[in-house]
**Q** 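One structure is given below, represented as structure tokens, and several questions about it will come after.
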There are 2 protein chains.
Amino acid sequence: MANAKEVTIYDIAKRLNISATTVSRGLQDHPTISGKTKKKIADLAEQMGYRSNHFARSLRNQKTNTIGIIVPRLNSHFMSSVIAGIEEAANEQGYSLLIAQSSESSVKEAASARTMFDSRVDGLLVSLAFDTPDLGHFSHFFKKDIPVIFFDRVMEHENSTNILIDNRQAAFNATRHLIEQGCRRIVHITAPTLRNVYKDRLKGYKEALSQYKIKFREDHVIITDLSQEAGAEAAKTILKMKPLPEGVFAANDSCAVGCMLALKERGIRIPEDIAFVGFNNDPVTGVIDPHLTTISYRGYEIGQVAARHLISYLSGTSHVSSTNTIILRSELIVRASSLKKAGNK
Amino acid sequence: MANAKEVTIYDIAKRLNISATTVSRGLQDHPTISGKTKKKIADLAEQMGYRSNHFARSLRNQKTNTIGIIVPRLNSHFMSSVIAGIEEAANEQGYSLLIAQSSESSVKEAASARTMFDSRVDGLLVSLAFDTPDLGHFSHFFKKDIPVIFFDRVMEHENSTNILIDNRQAAFNATRHLIEQGCRRIVHITAPTLRNVYKDRLKGYKEALSQYKIKFREDHVIITDLSQEAGAEAAKTILKMKPLPEGVFAANDSCAVGCMLALKERGIRIPEDIAFVGFNNDPVTGVIDPHLTTISYRGYEIGQVAARHLISYLSGTSHVSSTNTIILRSELIVRASSLKKAGNK
DNA sequence: TTCAAAATTGCAACCGATTGTGTAATTTAT
DNA sequence: ATAAATTACACAATCGGTTGCAATTTTGAA
């Protein structure tokens, strides 16, 4: 495999009867090399099809121009948007991306972190798995002062920055909206609340209830894996409740959609019988009938912000420990699925 | 940035009073190193937190254990599924992923190819941009015998393998299905037919018409960028047709959905007035009302197959030039959006 | 013409790991 | 007990590029 001669700066040097040093400097536009020589080097390099060896350079410079990304899943609308955003921002600055998915397993997450470390990524962007209990598997990075930025699914750590939305506030707004629509019995479908995003959304949900003097009921919280199928499952649980709840606030859209479809099949009317609010503003929210009220939360932007911050740390513009948390805007988008009162909002 | 001592095999060697050679071999489980020594090395390496330097190794071995991926967009359901599949297969075999998106621009595609080449990826997995005219920007790879595998959006080349579905056949089946449902005037919404996928789907569409003695009409083909918005635009064009078409075959689901939603808003009934078939089996097909008939086309599997083949080339199991094309299964999934005749199929 | 200052370029060590070849130590066979 | 065969480890070169410092050449003013 992979034969055919590799063109190196030594080959160029030999052909030009100069030293590899000069070639190296010429290629980097170093000021101590004369214009004529630079031109000769550049021309021959082009002609010979020279391509710099990233590894040799990384080895010497201790800098790889590569950013590692670890996410729970690659194939969700939100995550792929984030990654697209990261890719754009990183590419602009000449960084490459090394990507791995943890598949929601903290074990795989740790393994990926090791691989990334071995690959000497300059920095790491991470969204944690459902069950990651602590940040022990990133300690190598912290020790070596390699910046690690967490986004969306985060965890507090003195040496790293978190980028996310105000999940508590967003959930508060979502729940309040349902209450304002006349709902009193509101079910919350979410994931295990170990992860900040779900814990905070639950908190916001509770706070809204409390503010409107509605008693929180443990059995109104349904814990799932938030898949569409899980939403259909949750529908069964909901159908057994007597009386039926008047509203459902789901911690993501696909789960909300799964639940809505299952309920509709059983003849439940949405929003008349049960109003729905989701989370994420996935494309599917504008397709389902009725369109789903949700929290808009632009993944692409989060990705860009995360990448830009990481790169600004790397170029020494700012330091990781100086920024603790970055909160991005989120917004409640009201659609038909939650409008019990015509003309409201 | 990134200070703190780096632990190398030399540090381990010094502490153990042996040579770096022995440490290196011990870590690789080389047979000429005694069990005792290996144990000592492994223990100390663990204790000192030694992590192999990927670059030094790559530089020496001329092998990076990294696969490059270039796709038009990361944030589509299909592509992120493919990538998830690639990630799984690659990770199993100890390969890392370097990922870039071309944003449908052949210029960015070429730039990414250069970066990948500089990073000395062991192989490349590519899905081409809309407008890529030829494979010139991959010539470096071909010259050096670095395997390049194209998937989905492919182009013929003697030195590379293509992995895709039989788009012509799938489109033929989709169109025939519409015809069997009683449609005669069938609109085809697609993208510029420079790319194989769209060219072949158009061909299948034409063949089905021809087989049923339906005259092909140029004005029944609508060229778009296949976004959901483009689907809504296409709906306007369709509404101007007199008489209205009886069926629409769209080259992807999101475009079909955009079109359906826009038509429904104008009071068109689906499938009674116009039947719909999409392509891809995106999650949204099971959400829209009525559920969308489509071609199922498992991205995850394509990713796995592509990665496994690439890796088998890399490990010398097979050679690129021996396999030309791999066709994966696709399947027409009939749902309510196309069922004009009750009880059919 | 002369010599120091400025402009160019080269030498050689280094980044961390791998490996062909050689040598010393130990074991086996006779 | 001694030659022969293993076993266990080390030397030194190598992968391709970078960089501090020395060396050489050019320039220019005296």
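All values below were derived from every heavy atom in this structure, side-chain atoms included, with hydrogens, water molecules and symmetry-related copies excluded. Not measured: the values here are computed from a predicted model.
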**Q** Nearest whole angstrom, please: distance from the C1' of C/dA17 to the CD of B/Q28.
**A** 9 Å
**Q** Using whole Å, report how far CD of A/Q62 lies from P of C/dC15.
**A**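 It is 8 Å, rounded to the nearest whole Å.
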**Q** Quick one: label B/L27 by what it contacts on the DNA or RNA (base, sugar-phosphate, nothing), any heavy atom closer than 4.0 Å.
**A** nothing
**Q** Measure CD1/B/I41 against P/C/dA17 and give the value in whole Å, please.
**A** 13 Å
**Q** When we call it a touch if two heavy atoms are under 4.0 Å apart, what does A/T21 touch: a base, just sugar-phosphate, or nothing?
**A**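 Base, at least one base atom sits under 4.0 Å.
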**Q** Does A/S24 put a side-chain nitrogen or oxygen below 4.0 Å from OP1 or OP2 of D/dT18?
**A** yes
**Q** Is it true that A/D43 and A/K39 have a side-chain N and a carboxylate O under 4.0 angstrom from each other?
**A**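 Here A/D43 pairs with A/K39 in a salt bridge, since their nearest N and O are under 4.0 Å apart.
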**Q** For the pair made of NE2 in B/H30 and P in C/dT18, what is the distance, rounded to whole Å?
**A**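 From B/H30 NE2 to C/dT18 P: 12 Å.
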**Q** Report which part of the nucleic acid B/Y10 touches: base, sugar-phosphate, or nothing (heavy-atom distance under 4.0 Å, all strands).
**A**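 Base, at least one base heavy atom under 4.0 Å.
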**Q** Can you tell me how far the CG atom of B/L97 sits from the OG1 atom of A/T115, to the nearest 0.5 Å?
**A**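 One gets 11.5 Å once the value is rounded to the nearest 0.5 Å.
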**Q** Side-chain N or O of A/S19 versus OP1/OP2 of C/dG10: is the shortest distance under 4.0 Å?
**A**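 For C/dG10, OP1/OP2 do have a side-chain N/O of A/S19 under 4.0 Å.
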**Q** Regarding B/R60, tell me which of base, sugar-phosphate or nothing describes its non-hydrogen contacts under 4.0 Å with the strands shown.
**A** base
**Q** Taking N and O atoms by type only, does the side chain of A/R25 place a donor or acceptor under 3.5 Å from a partner on the base of D/dG20?
**A**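 Yes.
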**Q** Going by atom types only, do B/T8 and B/Y50 share a side-chain donor-acceptor pair under 3.5 Å?
**A**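 Checked: B/T8/B/Y50 side chains show no N/O donor-acceptor pair below 3.5 Å.
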**Q** Select base, sugar-phosphate, or nothing to describe what A/T37 touches, counting heavy atoms under 4.0 Å on all strands.
**A** sugar-phosphate
**Q** Distance check needed: C/dA17 P versus A/D118 CG, whole Å only.
**A**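 About 10 Å, once rounded to whole Å.
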**Q** Assess whether one donor atom and one acceptor atom, taken from the side chain of A/T22 and the base of C/dT8, lie less than 3.5 Å apart.
**A** no
**Q** Between B/P31 and A/F55, name the one whose nearest nucleotide on DNA chain D is closer to the 5' end.
**A** B/P31
**Q** Rounded to whole angstroms, how far apart are NZ on A/K63 and P on D/dT19?
**A**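 Whole-Å distance recorded here is 13 Å.
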**Q** In whole angstroms, how far is the C1' atom of D/dC15 from the CG atom of B/N61?
**A**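 The distance from CG of B/N61 to C1' of D/dC15 comes to 9 Å, rounded to the nearest Å.
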**Q** Verify whether the ring centers belonging to B/F138 and B/H157 lie closer than 6.0 Å.
**A** no
**Q** Among C/dG16, D/dT18, D/dG17, which nucleotide sits nearest the side chain of B/T8?
**A** C/dG16
**Q** Looking at B/R57, I'd like to know whether one of its side-chain N or O atoms comes within less than 4.0 Å of OP1 or OP2 on C/dG16.
**A**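 Answer is no, no contact under 4.0 Å.
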**Q** Can you see if the side chain of B/S34 gets near the phosphate of D/dC9 - specifically, an N or O under 4.0 Å from OP1 or OP2?
**A** yes
**Q** Taking A/H137 for its side chain and A/A111 for its backbone only, find out whether a donor-acceptor pair lies under 3.5 Å.
**A** no
**Q** So, applying side chain to side chain contact (heavy atoms under 4.5 Å, CB included) with B/V121, which one of B/L98, B/I67, B/V148 is it?
**A** B/L98
**Q** Give the rounded distance in Å between these two atoms: CD1 of B/I18 and C1' of D/dC11.
**A** 15 Å
